[in-house]
Novice: 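Structure in structure tokens, see below.
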Amino acid sequence: MPELPSVEIFKRYFNSTSLKQEILSVDIRNPEILINVSPKELENRLISREFTGSRRYGKYLFSHLDNDYFLILHFGMTGYLKYNKDTANPHTRLLLAFKEGNLGFIDVRKFGKIGLTRDVKQFIKDKNLGPDALDIDSKTFIQKFSNRKGQIKHLLMNQNFIAGIGNLYADEILFQSCIHPLSKADKLSRDKLKQLYHEMIRVLNKAIEYQDKPFSLPESFLLPHRHHQGECPQGGPLEVIKVGGRTTYYCDECQKLYH
DNA sequence: CGTGGCTCCTGGCGGC
DNA sequence: TGCCGCCAGGAGCCAC
């Protein structure tokens, strides 16, 4: 599930539920999803502490503790947060207990990751993440893409190139920009790249505004139609292909191939 | 650098 | 109904 808009929603959810209360217990149910840290250390750093805030970078959430550490959360394909009294969900991988309720990191497929760091900048550097998609400026964006020969969709989804965009919103951004997903980045004019940049920002903000429910977006968006036998908002069939191994929907009428 | 394939893991769905 | 293959909003690794 989680692309940048979902993680932004998770951040707001986390901030509204889990700040400024003591962590009473730390239940690590699936130690295999830990990175950078042993179960013992994670427990020691979390227990009896409080969260003071959080920040998002790309698809990562960094939850700040009152001991200068950050809990790192990455949600994989199926991860999300749930704050309630329930402790019985079989897909809960980490459960933090507070006085008033529990924060669960739920993740059916276990592609998510949980870690710990004192230095978010260094973590981002070690992971070699590109600039955050909602933070990059137009000039840098155009410069980066105009120097690359790869497929435009592949580059949009490459976290080392630009961080935050996944398979669904890549399709939406390219549809809104009228660019065929297999177009070569360096064949797009500067004006076209500028348009792509603005559509990226607009789509991501719109997705956040709509609580990251892609199928509830207005009819003029691709995502509500992105399913078997779905039709382009302008009319006509949607094409389905693979790009970089990922299922891709686009409209052959609306989206021009630059190559 | 670019591209394609495979892998991790689990569950839901369509087809037979 | 029951079983099977395929697919899923991520990403690392490897080969050419």
Side-chain angles (χ1 to χ4, degrees), chain A residues 1-11 29-36 56-61 72-81 89-94 105-115 123-124 126-130 132-133 144-175 180-188 200 203-204 206-208 210-217 221-230 238 240-250 258-259:
Chain A
M1 172 151 136
E3 302 186 35
L4 183 155
S6 339
V7 181
E8 184 64 28
I9 300 297
F10 296 159
K11 182 185 89 177
R29 300 187 177 178
N30 294 83
E32 66 269 28
I33 71 169
L34 299 187
I35 49 170
N36 285 340
R56 180 195 59 72
Y57 189 102
K59 301 176 185 175
Y60 284 89
L61 183 64
I72 304 167
L73 298 176
H74 187 275
F75 298 88
M77 294 266 266
T78 54
Y80 63 98
L81 298 175
N89 187 321
H91 302 125
T92 300
R93 310 306 176 188
L94 172 69
F105 177 91
I106 325 277
D107 181 16
V108 171
R109 290 174 72 183
K110 288 192 278 185
F111 288 168
K113 296 279 179 267
I114 294 173
F123 177 82
I124 290 166
D126 291 346
K127 279 278 165 191
N128 195 26
L129 294 178
D132 182 81
K144 281 175 72 77
F145 279 83
S146 57
N147 284 331
R148 296 289 289 255
K149 298 183 188 302
Q151 298 162 348
I152 190 69
K153 183 180 177 188
H154 209 1
L155 282 171
L156 279 174
M157 290 193 303
N158 182 344
Q159 303 303 301
N160 303 130
F161 190 64
I162 179 168
I165 299 167
N167 196 32
L168 284 197
Y169 289 111
D171 279 2
E172 185 65 66
I173 290 162
L174 290 169
F175 175 75
H180 190 296
L182 289 175
S183 295
K184 305 291 186 186
D186 64 347
K187 300 298 182 189
L188 298 168
M200 173 183 77
V203 165
L204 293 175
K206 202 74 178 172
I208 294 167
Y210 277 73
Q211 300 291 310
D212 185 50
K213 293 176 183 142
F215 298 107
S216 73
L217 284 166
F221 283 74
L222 173 72
L223 292 179
H225 310 273
R226 191 185 182 281
H227 54 79
H228 185 55
Q229 308 259 319
L238 291 174
V240 187
I241 59 173
K242 294 277 182 191
V243 180
R246 311 300 300 281
T247 300
T248 300
Y249 285 72
Y250 73 99
Y258 299 83
H259 65 115

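Here is the naming used below: chain letters follow the sequence lines, and residue numbers restart at 1 for every chain.
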Novice: Taking the side chain of A:Arg246 as its heavy atoms from C-beta onward, which of B:dT3, B:dC9, C:dG9 lies nearest to it?
Specialist: C:dG9
Novice: Would one find a side-chain N or O of A:Thr78 under 4.0 angstrom from OP1 or OP2 of B:dT10?
Specialist: no
Novice: Looking only at side chains, do A:Lys242 and A:Thr248 share a donor and an acceptor under 3.5 Å apart?
Specialist: no
Novice: Measure CG/A:Leu168 against P/C:dG10 and give the value in whole Å, please.
Specialist: 7 Å
Novice: Before we go on, tell me: are the rings of A:Phe161 and A:Phe145 under 6.0 Å apart, centre to centre?
Specialist: yes
Novice: Taking atom C1' in both B:dT3 and C:dG9, what distance in whole Å separates the two?
Specialist: 22 Å
Novice: Choose from B:dT10, C:dA8, C:dG9 the nucleotide whose nearest atom is closest to any side-chain atom of A:His91.
Specialist: B:dT10
Novice: As a quick check of understanding, evaluate side-chain contact (heavy atoms from CB on, under 4.5 Å) for A:Lys59 and A:Phe75, giving each step before the final call.
Specialist: CA-CA 8 Å; A:Lys59 301 176 185 175; A:Phe75 298 88; over 6 Å; no
Novice: Distance check: side-chain N/O of A:Arg109 vs OP1/OP2 of B:dC8, anything under 4.0 Å?
Specialist: no
Novice: For a side-chain contact (heavy atoms from CB on, under 4.5 Å) with A:Ile114, tell me which candidate from A:Ile35, A:Asp107, A:Asn30, A:Ile33 qualifies.
Specialist: A:Ile33
Novice: Can you tell me if A:Lys127 and A:Asn160 form a side-chain donor-acceptor pair at under 3.5 Å?
Specialist: no
Novice: Roughly how many Å is it from NE2 in A:His228 to P in C:dA8, rounded to a whole number?
Specialist: 12 Å
Novice: Expressed in angstrom and rounded to an integer, what is the separation of A:Ile106 atom CD1 from B:dC9 atom P?
Specialist: 20 Å
Novice: Give A:Gly150 one of three labels, base, sugar-phosphate or nothing, depending on what nucleic acid heavy atoms sit under 4.0 Å from its own.
Specialist: sugar-phosphate
Novice: Whole Å only: how far is the CG atom of A:Leu4 from the C1' atom of C:dG10?
Specialist: 14 Å
Novice: Nearest of C:dA11, B:dG2, C:dA8 to any side-chain atom of A:His74?
Specialist: C:dA11
Novice: Of the options B:dG11, B:dT3, C:dG9, whose atoms approach the side-chain atoms of A:Arg226 most closely?
Specialist: C:dG9
Novice: What's the NZ-C1' distance between A:Lys113 and B:dC9, to the nearest Å?
Specialist: 10 Å
Novice: With the side chain of A:Lys110 defined as its heavy atoms from C-beta on, choose the nearest nucleotide among C:dG12, C:dG9, B:dT10.
Specialist: B:dT10
Novice: Say we look at C:dC7 and B:dG5: how far apart would their P atoms be, to the nearest angstrom?
Specialist: 13 Å
Novice: Using the side-chain heavy atoms of A:Lys149, tell me which of these nucleotides is nearest: C:dG10, C:dC7, B:dG2.
Specialist: B:dG2
Novice: Now, which nucleotide makes the Watson-Crick or G-U wobble pair with C:dC16, with each of the two distances under 3.5 Å?
Specialist: B:dG2
Novice: Between P on B:dG4 and NZ on A:Lys242, what's the gap in Å once rounded to a whole number?
Specialist: 13 Å
Novice: Considering the options A:Leu4, A:Leu156, A:Asp212, which one meets the side-chain contact (heavy atoms from CB on, under 4.5 Å) requirement together with A:Tyr169?
Specialist: A:Asp212
Novice: Taking pairing as Watson-Crick or G-U wobble with both contacts under 3.5 Å, can you name the mate of C:dC6, or confirm there isn't one?
Specialist: B:dG12
Novice: Would you mind telling me which of C:dG9, C:dA11, B:dG11 lies closest to the side-chain atoms of A:Gln159?
Specialist: C:dA11
Novice: Looking only at the side chain of A:Val108 (C-beta and beyond, no hydrogens), which of the listed nucleotides C:dA8, B:dG11, C:dG9 gets closest?
Specialist: B:dG11
Novice: Could you state the CG-C1' distance from A:Leu182 to B:dG2, rounded to the nearest angstrom?
Specialist: 13 Å
Novice: Among B:dC1, C:dG9, B:dC8, which nucleotide has an atom closest to any side-chain atom of A:Pro214?
Specialist: C:dG9
Novice: Record whether the side chain of A:Asp212 comes under 3.5 Å of the base of C:dG9 through a donor-acceptor pair of N or O atoms.
Specialist: yes
Novice: Rounded to the nearest angstrom, tell me the gap between atom CG in A:Leu156 and atom C1' in C:dG10.
Specialist: 16 Å
